[in-house]
There are 2 protein chains.
Amino acid sequence: MNVPDWTDPDCPVARALDLIGDRWSLLVIRDAMDGARSFTEFQRRTGIARNILTDRLRKLIAHGFLEQHTAESGRRKEYALTEAGRDLFPVILTLRQWGERHAFAPGEAHSTLVDQHGEPVPEFVPSGVDGSVLGAETTRVHKIG
Amino acid sequence: MNVPDWTDPDCPVARALDLIGDRWSLLVIRDAMDGARSFTEFQRRTGIARNILTDRLRKLIAHGFLEQHTAESGRRKEYALTEAGRDLFPVILTLRQWGERHAFAPGEAHSTLVDQHGEPVPEFVPSGVDGSVLGAETTRVHKIG
DNA sequence: CGAATCAGTAGCATTTTGCAACTTATTCGA
DNA sequence: TCGAATAAGTTGCAAAATGCTACTGATTCG
């Protein structure tokens with residue numbers, strides 16, 4: 001997508017999905033957050049076709065999620081998350097937690113997310129200014145204008 | 001996707017994306033959260049092609065995000081979110097907040113999310129058991145086994 | 001130096017998506 | 001109650017995206 005032909009220009013959700021709402025982009029971001037740096041490493045972890053990976057890495061760079069820089073040792077290139085890319089952490093986290101709750105059978109094993117001390121990351125629940133839990137029923141979209 | 005051929009069976013992020021990681025599913029969910037109930041309404045709001053919408057609605061039902069029931073008045077069918085579908089709220093919210101921060105120029109107008117009293121929904125920041133802010137740098141994936 | 005590895009490209013087959021026109025059932029209004 | 005409008009898809013075909021396999025030119029390692 002050439003940046004300014006948004007599916008729904010007023011909606012931040014739609015703009016975000018125009019940028020990373022495809023089969024692979026968020027998996028690449030996930031792996032970047034988990035330490036992947038090289039073309040081959042992204043390819044191995046995701047299983048994406050090589051030509052598509054080339055395309056996705058270019059788009060992710062063009063849209064400001066990744067940047068390519070030269071590694072300390074050697075001249076080989078590396079991909080690293082930008083601030084905007086790292087800022088997708090809450091998106092990946094909520095997808096993960098949704099998946100844990102609804103895409104695994106009870107008792108079925110899955111990878112988990114832990115903090116620096118090895119403690120599991122707690123469930124992440126949105127709350128309003130008064131501390132009440134927020135959901136689709138208790139919020140609404142306020143349109144422009 | 002026929003449910004048990006996951007891209008990456010151990011990863012909840014990948015499973016979630018196998019189910020709703022395409023151009024349109026999350027926009028349909030977004031509109032369902034914002035009150036859309038009928039085929040035509042989804043079509044009008046998203047702009048998706050009608051045959052693709054048919055396909056997506058069927059898949060969302062098959063995967064347990066939506067259910068179809070008969071409206072009170074009249075015999076016409078309606079689509080409604082299931083509990084699993086409503087539980088995608090945090091995903092939509094974090095996508096929205098990412099979009100607000102990174103996909104709009106400073107000062108550019110966009111729709112906003114408000115609570116029952118019309119108060120803007122606050123920024124949603126993941127934190128660990130000790131209350132510290134979590135991000136990609138301070139967490140890691142703990143694999144199965 | 002030679003072999004292996006990395007980072008892609010290129011060509012082609014398959015799948016997915018999009019568009020426009022058509023169909024069938026409801027519903028609404030005179 | 002009839003006729004028109006609207007809802008909810010379906011169908012056929014064209015265009016775009018994706019995937020697979022093989023190939024290429026640098027790096028790097030022993």
Side-chain angles (χ1 to χ4, degrees), chain A residues 1-3 5-8 14 17-32 35-63 65-81, chain B residues 1-3 5-8 14 17-32 35-63 65-81:
Chain A
M1 171 143 326
N2 301 321
V3 168
D5 63 354
W6 307 107
T7 299
D8 182 349
L17 289 173
D18 280 341
L19 297 173
I20 42 76
D22 70 280
R23 285 291 294 99
W24 295 112
S25 295
L26 281 171
L27 287 182
V28 170
I29 301 282
R30 172 202 65 174
D31 290 333
R37 294 281 107 90
S38 68
F39 185 93
T40 301
E41 187 61 16
F42 285 115
Q43 207 273 321
R44 196 186 61 70
R45 296 203 199 192
T46 59
I48 188 174
R50 306 172 70 76
N51 52 344
I52 306 299
L53 178 57
T54 299
D55 180 78
R56 287 305 177 281
L57 289 170
R58 297 239 165 94
K59 283 183 179 155
L60 289 171
I61 289 169
H63 295 142
F65 295 90
L66 292 177
E67 56 194 8
Q68 205 172 20
H69 57 78
T70 304
E72 314 291 310
S73 58
R75 256 161 258 61
R76 217 177 270 294
K77 297 293 184 60
E78 288 192 338
Y79 298 94
L81 289 167
Chain B
M1 170 144 327
N2 301 320
V3 168
D5 63 355
W6 306 107
T7 300
D8 183 349
L17 290 173
D18 281 341
L19 297 172
I20 42 77
D22 68 273
R23 285 291 293 100
W24 296 113
S25 295
L26 281 171
L27 287 182
V28 170
I29 301 281
R30 172 201 67 174
D31 289 334
R37 293 279 106 80
S38 68
F39 185 93
T40 301
E41 188 61 17
F42 285 115
Q43 207 273 320
R44 197 186 60 70
R45 296 203 199 193
T46 59
I48 187 175
R50 306 173 70 75
N51 53 345
I52 306 298
L53 177 58
T54 299
D55 181 79
R56 288 304 177 280
L57 289 170
R58 297 238 165 93
K59 283 183 179 154
L60 289 171
I61 289 169
H63 295 141
F65 295 91
L66 292 178
E67 55 194 8
Q68 206 173 18
H69 58 77
T70 304
E72 315 291 312
S73 59
R75 256 161 258 60
R76 218 178 269 295
K77 298 292 186 58
E78 288 192 338
Y79 298 94
L81 288 167

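Just so we're clear, the structure is a prediction, and the values are computed from it rather than from any experiment. Just so it is clear: chains get the letters A, B, ... in the order the sequence lines come, proteins before strands, and each one is counted from 1.
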Which listed nucleotide ([options]) is nearest to the side chain of [X]?
{"X": "B:Y79", "options": "D:dG9, D:dG19, C:dA7", "result": "D:dG9"}
{"X": "A:W24", "options": "D:dT18, D:dG9, C:dT9", "result": "D:dT18"}
{"X": "A:N51", "options": "D:dG19, C:dA7, C:dC19", "result": "D:dG19"}
{"X": "A:T40", "options": "C:dA7, D:dG19, D:dA8", "result": "C:dA7"}
{"X": "A:I52", "options": "C:dG18, D:dT18, C:dA21", "result": "D:dT18"}

>> Just the rounded figure in Å: distance from C1' of C:dG8 to CD of A:Q68.
In response: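 Rounded to whole Å, this separation is 11 Å.
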> Rounded to the nearest Å, what distance is computed from the CG atom of residue A:L57 to the C1' atom of nucleotide C:dG8?
Replying inline: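 Value for this atom pair: 10 Å.
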Could you check whether [X] gets within reach of a base, just the sugar-phosphate, or nothing at all, counting any heavy atom under 4.0 Å?
{"X": "A:R44", "value": "nothing"}
{"X": "A:F42", "value": "nothing"}
{"X": "A:T54", "value": "base"}

Taking only the side-chain nitrogens and oxygens of [X], find out if one of them lies under 4.0 Å from OP1 or OP2 of [N].
{"X": "B:R50", "N": "C:dT23", "value": "no"}
{"X": "A:R58", "N": "C:dA7", "value": "no"}
{"X": "A:R56", "N": "D:dT18", "value": "yes"}

> In terms of side-chain heavy atoms, does B:N51 have a donor or acceptor partner in B:T54 at a distance below 3.5 Å?
Replying inline: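 There is no such pair (donor and acceptor under 3.5 Å, judged by atom type) between the side chains of B:N51 and B:T54.
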> Under 3.5 Å, is there a donor-acceptor pair between the A:R30 and A:T46 side chains?
Replying inline: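 A:R30 vs A:T46: no donor-acceptor pair found between side chains.
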> Under the 3.5 angstrom rule, does the side chain of A:R56 hit a backbone N or O of A:W24 as a donor-acceptor pair?
Replying inline: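 No, because the side chain of A:R56 does not come within donor-acceptor range (under 3.5 Å) of the backbone of A:W24.
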> So how far is it from B:Y79 OH to B:I61 CD1, rounded to the nearest 0.5 Å?
Replying inline: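 The OH atom of B:Y79 sits 5.5 Å away from the CD1 atom of B:I61.
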